[in-house]
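These notes concern the structure reproduced below.
Labels below follow one simple rule: chain letters A, B, ... track the order of the sequence lines, proteins then strands, and each chain is numbered from 1. What's counted below: heavy atoms across the whole structure, side chains too, no hydrogens, waters or symmetry copies. Keep in mind that what you see is a predicted model, and the values were worked out from it rather than measured.
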There are 2 protein chains.
Amino acid sequence: MPTINDVARAAGVSPSTVSYVLSGRRPISAETRARVQAAIAELGFHPHAGARALASSKTNVLALVAPLRVDVNVPVIMQFATAVVTAARSYNHDVLLLTKDEGTAGLERVAHSTMVDALILMDLERDDLRIPALRRLKQPSVLIGLPADHTGIACVDLDFGAAAKAALTHLAGHGHQRIGLVGPSPAVYRRQTTYADRFLTGFLETSAELGLRTVTHPCEPGGEGVRACLAEIDAELPALTALVVHNEEALRPLLDLLQATGRRVPEDISIVAICPRDVAVSMPVNLTSIDIPAHEVGTLAVETAMRLLDGRRVEYTRLLEPSLVERDSCREISTSHR
Amino acid sequence: MPTINDVARAAGVSPSTVSYVLSGRRPISAETRARVQAAIAELGFHPHAGARALASSKTNVLALVAPLRVDVNVPVIMQFATAVVTAARSYNHDVLLLTKDEGTAGLERVAHSTMVDALILMDLERDDLRIPALRRLKQPSVLIGLPADHTGIACVDLDFGAAAKAALTHLAGHGHQRIGLVGPSPAVYRRQTTYADRFLTGFLETSAELGLRTVTHPCEPGGEGVRACLAEIDAELPALTALVVHNEEALRPLLDLLQATGRRVPEDISIVAICPRDVAVSMPVNLTSIDIPAHEVGTLAVETAMRLLDGRRVEYTRLLEPSLVERDSCREISTSHR
DNA sequence: TCGATTCGTCGAAGCGCTTCGACGATGCGG
DNA sequence: CCGCATCGTCGAAGCGCTTCGACGAATCGA
């Protein structure tokens, strides 16, 4: 592997000049620059990342902490990861992948040993223990999610409260008054994953505002869980006309179940789902849905990290507007039925 | 951030002694070691990764190149990634995540700039362009997959040929003679992803060996693709009694379709799936399946990388035995029906 | 009892880069 | 026409660690 010295010698300049050609931090004449670049190309020179990190205290690496346990939401997580890696590359950064289950220790390890310039975390819990740890790090971090006390830490996410509101408003606008919420699995609530809470709160508030009759229920994964959940919802709110589904996994079995029990979508029951677009359109009925904009959120998280790194101002809480896309799972209820 | 010098001063020893305590490469007396460790703990010292990499030419980082485009097989990819990260951590390594679509350039970038000690790639194609590039790197690499010419590069994967054989043998053993293969999507074949080829070849060979009547077909994703695929298979091989499904995405819609058209599993048609265990048991019928042992493969890949790194012998082609698990989707055909 | 080992520690060199201060050569305004 | 700023380049220091050779002290076999 050639070093910067080899390049310097080949180009007949000093190593520092090569460095300045590379970084552009000082003016270099066009001829010199050309000669240096030729030497770089010819020798196939690539600066040594470790040496660079040591000398400049910048690694050009971002940590991405993902919940890799294959429990829920696999496709969404994947989309976030993809977006983050892609965005990071566009800023000339790489991504170090950490699993959530290394917990606080993992964060401290990579931060203290200066392996990364910034951290991006997903799947935050309401009172996430990692937050205080993050505050102690010298590297900035960006959260995908919105834990309870996030003062001083940048957060990016879909506005799940607004999403709930949008879903209910849409349904109410179509004449629906009796609406059930099929929520995430109890495990998600138990962990107090922040989006679940925020969605539920938004749901209840809007329900009250609009004077709707609603009932909410978490939903265990699997066909059995869906059956149980729907049974309870039906029992507590007979003759409901619409369902909001905030649970990707439940979607498919739910539709199967409705079909098996002779309830047609949207003729007998309307549905608004909160899920990625491609999930919504891969169902037997194309679902009216509110997208989880993983790509935007991931990209925005990286962008925020970059701003933080070069000391620019950032919005510390950035909640993306939900957007509801009408497809084929909601119908207008005639007034007489209300 | 304290440095090794701070620790040395605090413990009243030289920096090199601290280093030897850390690495264990030279004997250090118990007292000195204790004093040094106390100092490390008290100061919260963490060695600087870049400095370490520079001095030792080891980064303790592995590159994982994953197909992050959300096309197919998301859960399996996720499982591989999880296994790789977890295994890497157990060897005190971290994982740098690269996307496949950076291609050769990405590999060269991280390798030449000495960001990683070794590379692990997944989703290899038959004549993958990255292979020659890998050969030129000074870092070793491990492939998850088995491209055509892999001389000198370690490969780890499920033995898909044997898997096909196991599936057919199982079905033949239950009296099935007319069997269809629902293959991966045409896109997968087009890319010549290695597992698809290997499975198909094994399927055809075994079919001939056992004197079976078989027909094979790729299967486009989505309900429509499945419908078309099944129609063609039915047309080419009427009265088939069993299906081998090597296509995770197709599984669900296929079962839906069979049910909708009144073909019961396993009464009217038997199924053997090649898919992760949890997919097999999350279907309406628990499927007899051959597991894709993502965890084992991922772990083995890391292990192989580690052996390569410290110069131990490795098996350059390691194909894991498939194991078929009987569940509820295959039934014995009485001889009279044959 | 003595030379040869082994043990435990130190000092210094060096890994490959960035960055700061310095300095001659230009270009400019007055 | 001179002083000053700017341009383009260089040399050297230093980032924090590992590792090699050296060396006194303790240990050992004969």
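For the pair Asn5(A) CG and dC10(D) P, the computed distance is 13 Å after rounding to whole Å. Summarising the geometry, the separation between CD1 on Ile4(B) and P on dT19(D) is reported as 11 Å, rounded to the nearest angstrom. Taking atom NZ on Lys58(B) and atom C1' on dC15(C), their separation rounds to 15 Å, with Å as the unit. Protein atom CG of Leu43(A) is 14 Å distant from nucleotide atom P of dG16(C), rounded to whole Å. Following rounding to the nearest Å, Ile40(A) (CD1) and dC17(C) (P) show an atom-to-atom distance of 10 Å. Taking atom NE2 on His48(A) and atom P on dC15(D), their separation rounds to 19 Å, with Å as the unit. Between His46(A) atom NE2 and dC17(C) atom C1' there is a gap of 16 Å when expressed in whole angstrom units. The distance between atom CZ of Arg9(A) and atom P of dC10(D), rounded to the nearest whole Å, is 14 Å.
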>> What verdict does the salt bridge (Lys or Arg N to Asp or Glu O under 4.0 Å) test give for Arg135(B) and Asp149(B), after you've listed the backbone C-alpha separation in whole Å, the side-chain angles of each residue and the deciding distance to 0.1 Å?
In response: CA-CA 11 Å; Arg135(B) 290 215 177 84; Asp149(B) 175 16; 3.4 Å; yes
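Nearest to the side chain of Leu54(B), among dC10(C), dC17(D), dG16(D), sits dG16(D).
Between the side chain of Arg35(B) and the backbone N or O of Ala11(B) there is at least one donor-acceptor pair closer than 3.5 Å.
Counting only heavy atoms from C-beta outward, the side chains of Val65(B) and Glu102(B) never approach each other to under 4.5 Å.
By the neighbour-count criterion of 12 heavy atoms within 6.0 Å, atom CZ of Arg312(A) is densely surrounded, having more than that number from other residues, nucleotides or ligands.
Both Ala51(B) and Ser14(B) sit near DNA chain C, but only Ser14(B) has its closest nucleotide nearer the 5' end.
Taking the side-chain contact (heavy atoms from CB on, under 4.5 Å) definition, one finds that Pro293(B) meets it with Leu158(B), Asp291(B), Glu296(B), Val297(B), Leu320(B), sequence neighbours left out.
For DNA chain D, the neighbouring residues in residues 16-39 of chain A, judged by any heavy atom under 4.0 Å, are Ser16(A), Thr17(A), Tyr20(A), Arg26(A), Pro27(A), Ile28(A), Ser29(A), Thr32(A).
Under the 3.5 Å distance criterion, with hydrogens and angles disregarded, no donor-acceptor pair is assigned to the side chains of Ser16(A) and Ser19(A).
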